[in-house]
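Just so we're on the same page: letters track the sequence lines, and every chain starts at 1.
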There are 2 protein chains.
Amino acid sequence: MSSLTPKLLLFAELASLSRVLGNPHRLEIIELLAQADMAVEVLTERTGLSFANVSQHLQQLKKAGLVVGRRDGKRIVYQLSPGPIVEAVSGLRALAEHNVARVGDLVQTYFDRPGDLEAIGAAELLERMQGDAVTLLDVRPADEFAAGHLPGAINVTLEELEQRLSEFPDKREIVAYCRGPYCMLSLDAARALRQRGYTVRRLQEGLPEWRAAGYPVQMS
Amino acid sequence: MSSLTPKLLLFAELASLSRVLGNPHRLEIIELLAQADMAVEVLTERTGLSFANVSQHLQQLKKAGLVVGRRDGKRIVYQLSPGPIVEAVSGLRALAEHNVARVGDLVQTYFDRPGDLEAIGAAELLERMQGDAVTLLDVRPADEFAAGHLPGAINVTLEELEQRLSEFPDKREIVAYCRGPYCMLSLDAARALRQRGYTVRRLQEGLPEWRAAGYPVQMS
DNA sequence: GAGTCATTCAAGAGAGTGATTGAATGTAAC
DNA sequence: GTTACATTCAATCACTCTCTTGAATGACTC
C-alpha cells in the first residue's frame, strides 16, 4: 500500500489529542479557562489540585495547542487557544450522555431530577430575553463574571444570595446559569430561590457554550 | 462544598470516554464500522492487527457503549451503537486541524496539496447532484458500498479502475469519495483519473459524515 | 543585588495501557 | 457427539500516565 501512512499518522494525532482531553482534571481546567483567563495559582485554588500538578496539566494542554500562557508581572496567565475546543468537548458530552449508561444515570439523578423545573435551552432563553421577561442570574465568581457574561445578567454567588434577595423582582422569572451543563452552582441557586417562592429555571448550558453558539456576551 | 462530586464524576466519565477514543487503532475500527457492520475477522484483515488485539479493542469500545456485537452463525458481527459517534470524532478532528500544528501540516501535505483540485464539500456536491451534473465514484470495498452509499454512485475499487474506465462519461465531472476525510483511496483514484484526462474532485468527507449530516444514502 | 514569589523542571513510585502468546469458550457442521 | 472454527479470556512484559516531592528558574521588589 503506497499511501496508508498519512491516515494512520493523522489518527495517531487525533488519538493523542483525545488522550489529552482524557483526564478529568484537564477537562476541569479547560472549563475554568473557558470562563476567563487565569493564573496557575487561581487554577490551583479552584481545582483543589497541587501547584505542580496543575502546572504539569497545563504543559500538556499547551503542547496539544489547547492553551497558551502569557506572562503578567510575576504570574503566568493561561488562556484557551482560539479554536473549537468548547465544541469538541460538547461533542464528547453529547456522545457520553447518549451512549454511556452511567453518564445518563448521573445526569438524570442530579440534573434532570423530578421536582426541579426543566432546564431552559439557550435558544428559548434568548427569545425570552428579547421580551425582557426574565432576570438573569450569574452564579460564578466575580472575576469570571467580569470576563464575560450574559447581557444584563446580575452576578450573585451562592454565599451572597440570601442577603441580596431584594435585587430580584418578585414576579419575573429568574434564569440561573454558571460554568457549564454540569456546574452545580446554578442548580443550587435555583433550588434555594425556589424554596423562597421565586420562579426559577436553570440554563442548560454555561457561558462557554453560550458564547460558542455565537450568542451575545457582555464584558464589563 | 455540598455538591461538587457529581461534576467531577461526570468529568471522570467524559475523560474515560475520551481515552477510549484516544487510540489510533480504535479510531480506525470506528471508521470501519461506520461504513458497515463487520465481523472481527474482517476488521482484523482491514486493520492489519492481530485477532486478539482487535478483539480487545472491541471489548473496550463495547464497554464504552460505542459498539455492540451480535452473533451471526459462527461469527460475531459488530456494529456502531446509535448515537453521535461520528459527530464527536468530527469535533475532535476539527479541533485537531485547527489547534494541533502537526495535524495542519499533515493535512496540507497530503490532502490540500497544490496541484490537486480543491476538495468539494457535501453541501455543494448535493446541489450538483440535483442537476445530474456529476458522476459519483465510491472507491471502498464492495461490502462497504453495499451497506450504504451516495445515491447513484458507482463502486470501483482502485484495482479495478483501469479496466472500468469505459464506465465514466468523458465530459462529466467525477467526484470520488471513500471512508472519511483522511481516506487516501479517493485521493489516489482522483489522481489516477486526472492523469487520464478526466475532471475529478474528491469529496472532502466520507460516507459516515455524509450520513451523519442527514444527506440521503442508498442501500442496495 | 539579595530576597521573594509564581511557576516549572526532574526524578521516582504506583497504576494503567497495549500487544503477544497460548489456552478456553461456545456455536456450527459433519 | 466429536470436530472445526471464530472469538474471547488470561497472563505477561514493556511502556506510558499521574501525582508527589524537592530543587531550579526567572521575574519582580525592596
Side-chain angles (χ1 to χ4, degrees), chain A residues 8-9 11-30 32-33 36-80 143, chain B residues 8-9 11-30 32-33 36-80 143:
Chain A
L8 289 182
L9 281 176
F11 275 175
E13 292 291 341
L14 285 198
S16 167
L17 176 63
S18 197
R19 281 197 304 272
V20 172
L21 296 179
N23 175 289
H25 299 313
R26 282 196 290 273
L27 289 177
E28 194 182 5
I29 290 174
I30 289 174
L32 286 168
L33 291 180
D37 303 354
M38 289 182 196
V40 186
E41 190 183 27
V42 179
L43 287 167
T44 303
E45 285 169 20
R46 296 203 183 162
T47 57
L49 299 175
S50 78
F51 217 109
N53 198 4
V54 169
S55 177
Q56 281 171 334
H57 283 306
L58 285 168
Q59 298 312 309
Q60 291 202 45
L61 291 169
K62 185 158 85 177
K63 216 168 77 182
L66 300 183
V67 308
V68 291
R70 64 171 187 277
R71 190 167 271 280
D72 174 29
K74 208 175 273 192
R75 22 195 88 186
I76 294 183
V77 175
Y78 279 90
Q79 63 179 34
L80 237 46
D143 59 323
Chain B
L8 289 181
L9 281 175
F11 276 173
E13 293 291 341
L14 285 198
S16 167
L17 176 63
S18 196
R19 281 196 305 271
V20 172
L21 296 179
N23 176 290
H25 300 313
R26 283 197 289 274
L27 288 177
E28 194 182 7
I29 290 173
I30 288 174
L32 287 168
L33 291 180
D37 303 353
M38 290 182 195
V40 186
E41 192 183 25
V42 180
L43 288 167
T44 303
E45 284 168 22
R46 296 203 183 161
T47 57
L49 299 175
S50 78
F51 216 110
N53 198 3
V54 170
S55 177
Q56 280 170 332
H57 284 305
L58 285 169
Q59 297 313 309
Q60 292 201 45
L61 290 168
K62 186 157 86 177
K63 218 167 75 182
L66 300 183
V67 309
V68 291
R70 63 170 188 277
R71 192 167 269 281
D72 174 28
K74 208 175 272 193
R75 23 196 90 185
I76 295 183
V77 174
Y78 279 89
Q79 64 180 47
L80 238 47
D143 59 324

Protein-nucleotide distance (B/F51, atom CZ; C/dG18, atom C1'), rounded to Å: 18 Å

Interatomic distance where CD belongs to B/Q60 and C1' belongs to C/dG18 [whole Å]: 8 Å

Interatomic spacing from CD in A/E41 to CD1 in A/I76 - rounded to 0.5 Å: 12.5 Å

Sole residue of A/L32, A/L33, A/V42 in side-chain contact (heavy atoms from CB on, under 4.5 Å) with A/Y78: A/L33

Strand contacts (DNA chain D) in residues 37-49 of chain A, 4.0 angstrom heavy-atom criterion: none

B/R26 side chain to B/L61 backbone, donor-acceptor under 3.5 Å: no

Touch class at under 4.0 angstrom, heavy-atom based, for B/Q59 against every strand present: sugar-phosphate

Side-chain heavy atoms of B/L58 within contact of B/L43, under 4.5 Å: yes

Contact summary for A/A64 and A/L17, nearest pair of heavy atoms: CB-CD1, 4.3 Å

Over all atoms of both residues, closest heavy-atom pair of B/L21 and A/S18: CB-OG, 3.5 Å

B/L58 CG to C/dG18 C1', straight-line distance once rounded to whole Å: 14 Å

Check: B/V40 main-chain N/O paired with B/T44 side-chain donor or acceptor under 3.5 Å: yes

First and last nucleotide of DNA chain D, 5' to 3', lying under 4.0 Å from heavy atoms of chain B: D/dC5 to D/dA11

Rounded distance [0.5 Å steps], OG in B/S50 versus CD in B/Q56: 7.5 Å

Distance-minimising heavy-atom pair for A/G22 and B/R19: O-NH1, 2.7 Å

Closest-nucleotide 5' rank along DNA chain D - winner of B/Y78 and A/A52: B/Y78

What N/O pairs connect the protein and nucleotides 24-30 of chain C at under 3.5 Å? Give each pair on its own line.
none

Any A/E28 side-chain heavy atom under 4.5 Å of A/L49 side chain: no

Side chains of A/H57 and A/N53 in contact at under 4.5 Å (non-hydrogen atoms): yes

Whichever of A/I76 and A/R19 has its nearest DNA chain C nucleotide further upstream toward 5': A/I76

